[in-house]
Structure formats: C-alpha cells, structure tokens
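One structure is given below, encoded as structure tokens.
In what follows, every chain begins at residue 1, and chains take the letters A, B, ... in the order their sequences are listed. For clarity, every value in this text was computed on a predicted model and none was experimentally measured.
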Amino acid sequence: DGGITQSPKYLFRKEGQNVTLSCEQNLNHDAMYWYRQDPGQGLRLIYYSQIVNDFQKGDIAEGYSVSREKKESFPLTVTSAQKNPTAFYLCATSKPAGLNTEAFFGQGTRLTVV
Amino acid sequence: GNSVTQMEGPVTLSEEAFLTINCTYTATGYPSLFWYVQYPGEGLQLLLKATKADDKGSNKGFEATYRKETTSFHLEKGSVQVSDSAVYFCALYTGGFKTIFGAGTRLFVKA
C-alpha cells in the first residue's frame, strides 16, 4: 500500500540525548515536512524539503536537524539543544506545488522526555 | 501574512445534532482551502477541499463552501455521529511548499 510510515510510534528520551525519528514514504512525492503538535497549539512547521539534498528551516527549527539523502526518507533528529521536546511529531508529504496540493500525513511519533 | 483562525473548542454535541465549526482566513492571492481531521493518536487526513471561490467541498456528510467575500470556509454536518469525535483543522495553501493550519477544534459527540 502507498503511504507514509513513521517509526517508532512511541519514543522516550533521557535528558541530554539525541534521538532520531524516522519517516519513509512510497508515494513518490517530492516534498516532505516535519510538524510538531502540542495540545491546543495546532501544527508548527519544523523543517521541510522540496527535493533530495535540499531542506529549509520552518518556524521552529532550533534544536532539530534533518537530512534528505533519498527521496523516500526524511529523518528528524531531536538534539539535546531542544529544551522542551515532549510532543507529537508528524511527518507529511505533498506532490509538486499546485492549487490542489494536499498534504498526506504519517501516523505520528509521540516523544516523551523521561 | 497568511493565517487561519478557527473557533475554539472543545465543541460538545449530542448524536444527530447539527455541527458548525467556523474558519476564517487571511491570505494574499487566491488560496486553496482544506479541512483535515485527526482521530485520537493518529495523523491528519484530508476531509474535504475547495480550490476557488464558491466551490463546495464535501465528504462523509461534511460540507464547506469557499466564501471569498467573507474569507470563510465553515465546516458543517447535518447529523453528527459518535464516530465523528476528533480534532478538525482548517488549512490554506497559496502555492510554494507551505500549508498554513489553524489551531484545531476538538469535537466530542455524546451518544
């Protein structure tokens, strides 16, 4: 089936650790995105990538890093510099830009600092 | 800049009640408008969309009409079910690679 796979579904991080969230897609979409969701705050864009080997910061990029070495994959690393990482993280993709462009989402990863 | 404003939740309704969730937007140009739904513990999925003024998007009994004169895209359903309990996000897209999402409105439907 075509879709977006995020793993793991739940992730626990100790203080000072870096962790990496996986996002894989087989929709053949060029654009990929990472969003952070906190209760009552909607979605905030962390990073996005329009094409392989290229990515741009979103609205809340500090403390996060990404790579886009393959079209299918867009992993997100939450570094120790991110002071409040507990949140629900959503990966999304979209086709090349056009007015019918909708976003397709993965099932999310819930990250908790312990 | 571009923005989306949704009514605050939670919205609590009894089964078979009429639903309206208000959404207004600010945008330059002519955006496409979307409603996404998020069920507990899951990602978002597209519910309906409209790409130009006066278009009506519809799906699963939900409807929304793109009103340029009032810059609105209110979500409606004539008779809600318990299974409609979820968080609903209004969103706009003006081109490029960024979609702007509203804060989300949580809906609870009681049996």
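Without hydrogens or angle criteria, B:Asn2 side chain to B:Thr28 main chain gives a donor-acceptor distance under 3.5 Å.
Within the 4.5 angstrom heavy-atom criterion, only side-chain atoms of A:Tyr35, from C-beta onward, approach chain B. Neither the backbone nor the side chain of A:Asp38 comes within less than 4.5 Å of any heavy atom in chain B. Only the side chain of B:Gln38 has a heavy atom closer than 4.5 Å to any heavy atom of chain A. B:Leu44 touches chain A through backbone and side chain together, each having a heavy atom under 4.5 Å away. If you measure heavy-atom distances from A:Gln37 to chain B, the contacts under 4.5 Å come from the side chain alone.
Ion pairing between B:Lys77 and B:Asp84 holds under the 4.0 Å rule for side-chain N and carboxylate O. We find that B:Lys49 and A:Glu102 are joined by a salt bridge, their nearest charged nitrogen and carboxylate oxygen being less than 4.0 Å apart.
Of the listed residues A:Gln56, A:Gln6, A:Gln107, A:Lys9, the one with more heavy-atom pairs under 4.5 angstrom with chain B than any other is A:Gln107. Listed options A:Leu43, A:Asp30, A:Leu90 were ranked by heavy-atom pairs under 4.5 angstrom with chain B; first place goes to A:Leu43.
Sparse packing is recorded around CD of A:Glu62, with 12 or fewer heavy atoms of other residues, nucleotides or ligands lying under 6.0 Å away. No more than 12 heavy atoms of other residues, nucleotides or ligands shown are found within 6.0 angstrom of OH on A:Tyr10.
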request  = Give the intermediate values and the outcome of ring-ring contact (aromatic ring centres under 6.0 Å, His included) for residues B:Tyr36 and B:Phe101.
outcome  = CA-CA 9 Å; B:Tyr36 289 85; B:Phe101 290 89; 5.5 Å; yes
